[in-house]
Amino acid sequence: MAVRWKVLALLLTTACTRPEAPQAVHSNAPVIIISIDTLRADRLPAYGYGGVETPHIDALRRDSILFRNAYAQVPLTLPSHVSLLTGLLPPDHGVRNNIGYAVDTALPSIPRLLQSRGYRTGAAVSAYVLRGSTGIASGFDFYDDAVSSRGNAAIGSLHRSGRRTVEIATSWIREQGDRPFFFMLHLFEPHSPYEPEEPFRSRYSSEPYDGEIATADAIAGTFIDSLKSSGVYDRAIVFLLSDHGEGLGDHGEPEHGVFVYREAIHVPLLLKLPHGDRGGEVVSGAVALTDVFPTIASLVGAPAPSNRGARSLLAPPAPNRRIYSESLYGRIHLGWSELLSLVDERFHFIEAPRPELYDLGGDPGEKTNVLASERRVFASMREELASYATAAETPAGIDPEEARKLAALGYLSSTAAASSGPRPDPKDRIGEIAAMVRASDLLRRGAYPEAITAFREIVEANPRLSDAWNQLGTAHEEAGQYEEAAEVYRRAIDVAPELAGELGLRRGALLLRLERPDEAERHARLAAKTNASGMHMLLARIALAGQDYVRAETEARAAAEDSGSRLAARVLLAQGFTQQGKLGEALALVEAVEREAQREGIGPVESLQYVRGDVLGRMERYDEAVAAFRREIAAFPRNRQTYANLYLVYMVTDRPEEAEGALEEMVRANPGRAALLFAARTVEAVGDARGAARWRQRAR
């Protein structure tokens, strides 16, 4: 509610704003935004870079106005897109991070405005953090976000190929015929990991980020060609932009999120008007992504929103205009200070524990802090930044209801101590990111003991670093040390209660595995506001474990309403049908999910082949069951229950040596005492007391 009052107050202050200069109105022109994730402006030929070829973006640039100094308001995907669509700064729309925040669906936005003028509104996105259940889909008639979540994968890494997203976008636009429409296409490329498609992987082998840019250019080119072939392109208003840049080590940050230096917030921005009007022009003044909303409004003849700082890109230049940006990532995830920024055509000021001022005219790479020699500029920019007072407030990630839930679970007691005292300047601690990268590489390679040691050293040096606690928990979990992992996730929630939703799901899943379902459920409910589909998925699994099939089905169907959880939720439904003996229904559902995954170009769906094998085993189709279990193990070797069911099939078909081998495989894939005890219970289930005793002896 606070955000809504803030927005209302901002709107009320605009009654006396100066009217903009008259311009052409294109009342029914198609409006299209192409958002290319993580694309630095200074790595494009259109902005003077010679290291990569982007023929399709170059062609669009010839038909477009190029904004030389465009800036994102935050170097993170979700809050940046919320600013783009609402025209609001992060302190005003309230979304300060990729996780832990929900979008206020009452906010005015581009799709809502165009809907009110008879437009059909659609979007297709390639990143899980932009899933519609965050609230960002509000105002869209069509919003395709079919990016599935997977196990312990960081949600920032979950994505699909831009080529699939373009297929969806092209199909939807074709269906609109001559009706006015708005469409937002989001491409994940060139976000890390930098894995360009061929021939760009080979052509840019020494600069994979550039190879990813070339890949994004080719994918965007396919989309633009479809607009041209359908006759939409010439009459359309087309924006091509990025949500933020990429550090690439320029100031010690390999990727993005922490710093607000120019490499992180300076983004490309092209605007193609109908019939190529003003194509080839260049605008040098500082502009913001928040300007896109009022620009679209003015182009279609709608009343322009008058949000703080936002103005039409086509309005007369505003002398000495300064653009606000922020990053609270360091504060939320790393225990460091937040960073606030103001930038104009020449100077860039960064408010930090040790403030910085750069003269971009002679130092575009921001290597020399000129604060001491430019005291008047520093004083002026610092005074102006103080007007954004809400930016420095503690992010409102926890409302009183959430605080009560956390307190009931024993959290928040140590948070005050962990959060007290001055926060470090990120530039003094950025070296810890390199240590995190090295530890993460150990985790990715399966060197779990070494990864645990590395992350332990990091959190001992900086106990506030919630990202390290989170990855330490993952390392313990992957090593089969579930009690240790659960304790680490508890510590992570203490350190970063703003992230309690996602961390609560992780701890809840472990508590279920540790056969503590009541605690698991209470942790699942921490995600009610920020990841409702994840909450429903975990509640469905808890209900299945307790053989409450009615509740399991209700929760799974609720989870299936979110496209990111749709397939996994339907697998859970099939699992429930199997346990109730509804084998025909279960098998039909499994096969339907498999067909849909193949049609969508999605890789293996976790537990799908396990459930298929379980159904086939109960049907006494043992060879087919073994094949299904083997496919599940090949794709997801950590699922202990798959090995247990494979063991049972081998025992039923009188293959005891292969049965024992399946359990040995399970222990190799899940090292640790928990897997040995699980093997003992599996053997005991078939009446082999001696065998169970041997497994328990190994566990001891």
> Is the distance between the ring centroids of Y119 and F182 less than 6.0 Å?
Replying inline: no

>> What verdict does the side chain to side chain donor-acceptor pair (under 3.5 Å) test give for S126 and T165, after you've listed the backbone C-alpha separation in whole Å, the side-chain angles of each residue and the deciding distance to 0.1 Å?
In response: CA-CA 6 Å; S126 301; T165 312; 2.7 Å; yes

> Any side-chain donor paired with an acceptor under 3.5 Å for E487 and Y489?
Replying inline: no

>> Is the distance between the ring centroids of H191 and Y209 under 6.0 Å?
In response: no

> Do the rings of Y71 and H348 sit parallel, tilted or perpendicular, given the 30° and 60° boundaries?
Replying inline: tilted

>> side chain to side chain contact (heavy atoms under 4.5 Å, CB included) for L185 and V166? Distances and angles first, verdict last.
In response: CA-CA 7 Å; L185 169 69; V166 164; 4.0 Å; yes

>> Parallel, tilted or perpendicular: which one describes the rings of W172 and F142, with boundaries at 30° and 60°?
In response: parallel

>> What's the separation between atom OG1 in T290 and atom OH in Y324, rounded to the nearest 0.5 Å?
In response: 12.0 Å

>> Treating S387 as the side-chain partner and E384 as the backbone partner, does any N or O pair qualify as donor plus acceptor under 3.5 Å?
In response: yes

> Quick one: do the T38 and D243 side chains pair a donor with an acceptor below 3.5 Å?
Replying inline: no

> Is the closest basic N to carboxylate O distance between R541 and E555 below 4.0 Å?
Replying inline: no

>> Working note: E326 + R96, criterion salt bridge (charged side-chain N to carboxylate O under 4.0 Å, His left out); need CA distance, chi angles, decisive distance, verdict.
In response: CA-CA 9 Å; E326 69 172 35; R96 319 299 282 275; 2.8 Å; yes

> Relative to the ring of H81, is the ring of H186 parallel (under 30°), tilted (30 to 60°) or perpendicular (over 60°)?
Replying inline: perpendicular

>> Tell me if a side-chain donor or acceptor on S242 pairs with a main-chain N or O of V267 at a distance below 3.5 Å.
In response: no

> With a 4.5 Å limit on heavy-atom distance, are the side chains of Y329 and N97 in contact?
Replying inline: yes

> Roughly how far, to the nearest 0.5 Å, is the CD atom of Q115 from the OG atom of S138?
Replying inline: 8.0 Å

> Rounded to the nearest 0.5 Å, how far apart are CG of L510 and CZ of R507?
Replying inline: 8.5 Å

> Between L499 and T530, is any pair of side-chain heavy atoms under 4.5 Å apart?
Replying inline: no

> Should W336 and R331 count as side-chain neighbours, where that means a heavy-atom distance under 4.5 Å?
Replying inline: no

>> Treating R40 as the side-chain partner and E246 as the backbone partner, does any N or O pair qualify as donor plus acceptor under 3.5 Å?
In response: yes

> Taking it one step at a time, do D494 and R490 satisfy salt bridge (charged side-chain N to carboxylate O under 4.0 Å, His left out)?
Replying inline: CA-CA 6 Å; D494 259 342; R490 185 201 63 75; 2.8 Å; yes

> Between Y101 and E498, does a side chain to side chain donor-acceptor pair (under 3.5 Å) hold up when you go through it step by step?
Replying inline: CA-CA 8 Å; Y101 294 84; E498 302 96 335; 5.8 Å; no

>> Rounded at 0.5 Å granularity, tell me how far CD in E521 sits from CG in L539.
In response: 5.5 Å

>> Under the criterion side chain to side chain donor-acceptor pair (under 3.5 Å), I'd like the reasoning laid out for E366 against H251: C-alpha separation, chi angles, the key distance, then a yes or no.
In response: CA-CA 9 Å; E366 300 177 317; H251 286 87; 4.9 Å; no

> Of R160, R164, R566, which meets salt bridge (Lys or Arg N to Asp or Glu O under 4.0 Å) against D144?
Replying inline: R160

>> M381 vs V343, test: side chain to side chain contact (heavy atoms under 4.5 Å, CB included). Steps then yes/no.
In response: CA-CA 9 Å; M381 296 187 95; V343 62; 5.7 Å; no

>> Testing the basics here: between A297 and P303, what is the closest heavy-atom pair and its distance to 0.1 Å?
In response: CB-O, 3.9 Å

> Are the side chains of I296 and F239 in touch, meaning some heavy atoms are under 4.5 Å apart?
Replying inline: yes

>> Determine whether a donor-acceptor pair (N or O, by modelled atom type, separation under 3.5 Å) exists between the side chain of T134 and the backbone of L130.
In response: no

>> Applying side chain to side chain donor-acceptor pair (under 3.5 Å) to S533 and N531, what does each step give before you reach the verdict?
In response: CA-CA 6 Å; S533 62; N531 190 347; 3.2 Å; yes

> Just by distance, do the side chain of S192 and the backbone of Y194 share a donor-acceptor pair under 3.5 Å?
Replying inline: no

> Taking C-beta and beyond as the side chain, do P426 and R429 meet within less than 4.5 Å on heavy atoms?
Replying inline: no

>> Quick one, Y143 and I136 - any side-chain contact, counting heavy atoms below 4.5 Å?
In response: yes

> Any donor-acceptor pair under 3.5 Å linking the side chain of K405 with the backbone of R525?
Replying inline: yes

>> Is there a side chain to side chain contact (heavy atoms under 4.5 Å, CB included) between T121 and F181? Walk through the geometry before answering.
In response: CA-CA 6 Å; T121 58; F181 70 86; over 6 Å; no

>> Please report the interatomic distance CD(E263) to CG(D250), rounded to the nearest 0.5 Å.
In response: 4.5 Å

> Could you go step by step and tell me if I323 and L342 meet the side chain to side chain contact (heavy atoms under 4.5 Å, CB included) rule?
Replying inline: CA-CA 5 Å; I323 305 299; L342 273 185; over 6 Å; no

> Taking atom types as modelled and ignoring hydrogens, do the side chains of R262 and N69 form a donor-acceptor contact shorter than 3.5 angstrom?
Replying inline: yes

> Does S83 use its side chain to pair, donor to acceptor, with the backbone of L88 at less than 3.5 Å?
Replying inline: yes

>> Distance alone, cut at 3.5 Å: any donor-acceptor contact between the side chains of H536 and S565?
In response: no

> Considering only heavy atoms from C-beta outward, does the side chain of Q471 approach that of L443 to under 4.5 Å?
Replying inline: yes

> In terms of side-chain geometry, is the basic nitrogen of D291 or R311 positioned less than 4.0 Å from the acidic oxygen of its partner?
Replying inline: no

>> Any side-chain to backbone donor/acceptor pair from H476 onto L472? Under 3.5 Å, distance only.
In response: no

>> Under 3.5 Å, is there a donor on one side chain and an acceptor on the other for S133 and D562?
In response: yes

> salt bridge (charged side-chain N to carboxylate O under 4.0 Å, His left out) between R354 and D428: does it pass, once the steps are laid out?
Replying inline: CA-CA 10 Å; R354 286 186 293 108; D428 295 332; 2.3 Å; yes

> Which atom names give the shortest non-hydrogen contact between F349 and E356, and what distance separates them?
Replying inline: CD1-O, 3.2 Å

> Distance from L85 atom CG to F140 atom CZ, nearest 0.5 Å?
Replying inline: 5.0 Å

>> Tell me whether T295 contacts the main-chain N or O of L313 through its side chain, where contact means a donor paired with an acceptor under 3.5 Å.
In response: yes

>> Just to verify, what does E351 make a salt bridge (charged side-chain N to carboxylate O under 4.0 Å, His left out) with, not counting sequence neighbours?
In response: R382

> Between D467 and E432, is any pair of side-chain heavy atoms under 4.5 Å apart?
Replying inline: no

>> For T105, is there any backbone N or O sitting under 3.5 Å from a side-chain donor or acceptor partner on R112?
In response: yes

> Closest heavy-atom contact between S337 and R423?
Replying inline: N-CB, 3.5 Å

> Which heavy atom in L84 sits nearest to a heavy atom in I110, and how many Å separate them?
Replying inline: O-CD1, 3.5 Å

